[in-house]
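Single-structure report; data block below.
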Amino acid sequence: MEDLTVNQPRALLVAADLGEYDVEASLEELAELADTAGAQVIAKMSQKRSEFDSATCIGSGRLEEIAQFVKDQEVDLLIFDHELSASQLRNIEAACETAVIDRTMLILDIFAQRAKSSEGRLQVELAQQRYRLPRLSGLGTSLSRLGGGIGTRGPGETKLETDRRHIRRRIQTLESQLDEMEKRRKLLRRRRKKDGVLVVTIVGYTNVGKSTLLNALTDAGVLEEDKLFATLDPTSRGLDLPDGRRVMLIDTVGFISRLPHHLVEAFKSTLEEAVNADLILNLCDISNPQMEQQKKVTEQLLAELGIQDTPIITVLNKCDRVSGVDFFMGENSVAISAKTGFGFEALLQKIAQKLIETHRRLTLLIPYGQEGLLHEIRREGKVFQEEYTQDGCLADVLVDIKLLYKVSDYIQ
Ligand SMILES: Nc1nc2c(ncn2[C@@H]2O[C@H](COP(=O)(O)OP(=O)(O)OP(=O)(O)O)[C@@H](O)[C@H]2O)c(=O)[nH]1
Ligand SMILES: [Mg+2]
């Protein structure tokens, strides 16, 4: 049989344990990420510390041990579980004489390999370029070393630029192209709102089964895989509810703990799809011992993205793998198995129940002279923002559907 590991870089994973989170579990996840990126993990190491060493992240004594290990075991790639600065990258590489990358570069690399749509590719490249710009001096020699190219690959196998001026120019181009795409996306969203299309999004930690659920409910045919970040681009499909209503169900990119800041920034418009939904399904993998932490990561990210009044259902997936889910069940949760179809009926009913429409969030342009409407809206709903423009008052509001007939002419 052919040995598929021959061309895979041999990787050593390294973490400093500051006691802030479960480092064992984090290294386990880093190993899965490394595997997804195509590396062969040969060992993991961690060091308890009170703070990061500013020059080398971990202590110099431990770094010497690592350098020896790298020589003895022919390690091609060191992967640190923390973001490293330019000088840390440079110092570690000089001490260990092998390629060095960090958790962020690894995640960006996976995203780069996975991005399919033109928007996804631009978003990933933007995150990569912004991350690399202040670190070029640290990455300089690492880039020319082995390490299987992990960390140096752009979307679609293009090698990333190493010239600072080129990168700056490229960042500007990417930003303006993405701006255009975001405008188009906003327009679509506005049209959906105007047409009264209700949107339900599936969000959750990577690998919890979001795509499997979308496929099972709608035959969407999205790739489902036991790998991290199988999905990057949002996919939407129509879904019929038991009460006859048709909603739009969206599957989107998964979350991960300590999601690189540059990725959140670059993927903001994709993630905003989730924020702008009428209902959010927070999908969790109940068979994963880290489920509670994963759920928290998702909730935190949703909060950062500005979720306010959007209703959320907690959906406990992969119930076929465990017994005794009752312990985790609350008023707002449903237990399912996306694989076997268990619990689908209850899930659809819950969605329908949560979507009973009492209010609708709209943007209105209210002509001068009609400002009284805002008082009426306020009485049964909410006015989030109002801005006085040339043509009238532009307002972001939550309207009681009883008032819909009065405002329909002013919907933007
Ligand atoms: N046993 C079991 N496995 C499941 C279930 N749902 C999903 N899986 C498996 O979990 C793995 C991940 O599923 P995906 O649907 O790709 O997960 P995802 O949340 O879309 O992952 P990303 O796109 O990577 O964020 C696949 O191997 C699925 O077959 C389930 O209910 N039971
Ligand atoms: Mg997926």
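Read the numbers this way: they start at 1 and go in the same order the structure lists the ligands and their atoms.
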In the protein, which heavy atom is nearest to [atom], and how far is it?
atom                    : answer
atom 7 (C) of ligand 1  : Thr212 OG1, 3.4 Å
atom 17 (O) of ligand 1 : Gly209 N, 3.1 Å
atom 25 (O) of ligand 1 : Lys210 NZ, 2.9 Å
atom 24 (O) of ligand 1 : Ala230 N, 2.7 Å
atom 3 (N) of ligand 1  : Lys339 CD, 3.7 Å
atom 16 (O) of ligand 1 : Glu225 N, 3.0 Å
atom 31 (O) of ligand 1 : Ala338 N, 3.0 Å
atom 6 (N) of ligand 1  : Asn317 ND2, 3.2 Å

Identify, by atom number and element, the atoms of ligand 1 in contact range of [X], meaning under 4.0 Å from any of its heavy atoms.
X      : value
Lys227 : 24 (O)
Glu224 : 15 (O), 16 (O)
Thr206 : 22 (P), 24 (O), 25 (O)
Leu228 : 24 (O)
Phe229 : 24 (O)
Gly254 : 25 (O)

Could you walk me through whether Lys44 and Glu28 pass the salt bridge (Lys or Arg N to Asp or Glu O under 4.0 Å) test, one step at a time? CA-CA 9 Å; Lys44 303 178 196 128; Glu28 204 49 57; 3.2 Å; yes
Quick check: does Val208 get an N/O under 3.5 Å from an N/O on ligand 1?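 Indeed, backbone or side chain, Val208 has an N or O that close.
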Lys NZ or Arg CZ of Arg121 over Phe111 ring: under 6.0 Å, within 45°: no
Establish, yes or no, whether the cationic atom of Arg49 lies under 6.0 Å from the six-membered ring centre of Phe52 and within 45° of the ring axis. no
Walk me through whether Val247 and Val199 qualify under side chain to side chain contact (heavy atoms under 4.5 Å, CB included). CA-CA 6 Å; Val247 299; Val199 177; over 6 Å; no
Looking at the Mg ion (ligand 2), is one of the N, O or S atoms of Thr212 less than 2.8 Å from it? no
Is the distance from the Mg ion (ligand 2) to some N, O or S atom of Ser211 under 2.8 Å? yes
Any idea which of [options] brings a heavy atom closest to [atom]?
atom                    : options                        : result
atom 1 (N) of ligand 1  : Asp320, Thr252, Ile336, Ile202 : Asp320
atom 12 (C) of ligand 1 : Asp251, Asn207, Asp285, Val203 : Asn207
atom 27 (O) of ligand 1 : Asp226, Asn215, Leu213, Leu223 : Asp226
atom 10 (O) of ligand 1 : Lys318, Arg321, Arg114         : Lys318

Beyond-backbone contact of [X] with [Y], side-chain heavy atoms, under 4.5 angstrom:
X      : Y      : value
Leu281 : Ile351 : yes
Thr270 : Gln123 : yes
Asp278 : Thr310 : no
Thr298 : Leu302 : yes
Leu174 : Arg170 : yes
Ile286 : Asn317 : no

Answer yes or no: is there a donor N or O on one side and an acceptor on the other, between the side chain of Gln88 and the main chain of Asp53, under 3.5 Å?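 Here the side-chain-to-backbone pair exists.
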State plainly whether the residues Arg258 and Glu83 are in salt-bridge range, i.e. N to O under 4.0 Å. no
Using 0.5 Å steps for rounding, measure from the CD atom of Glu125 to the CG atom of Leu178. 10.0 Å
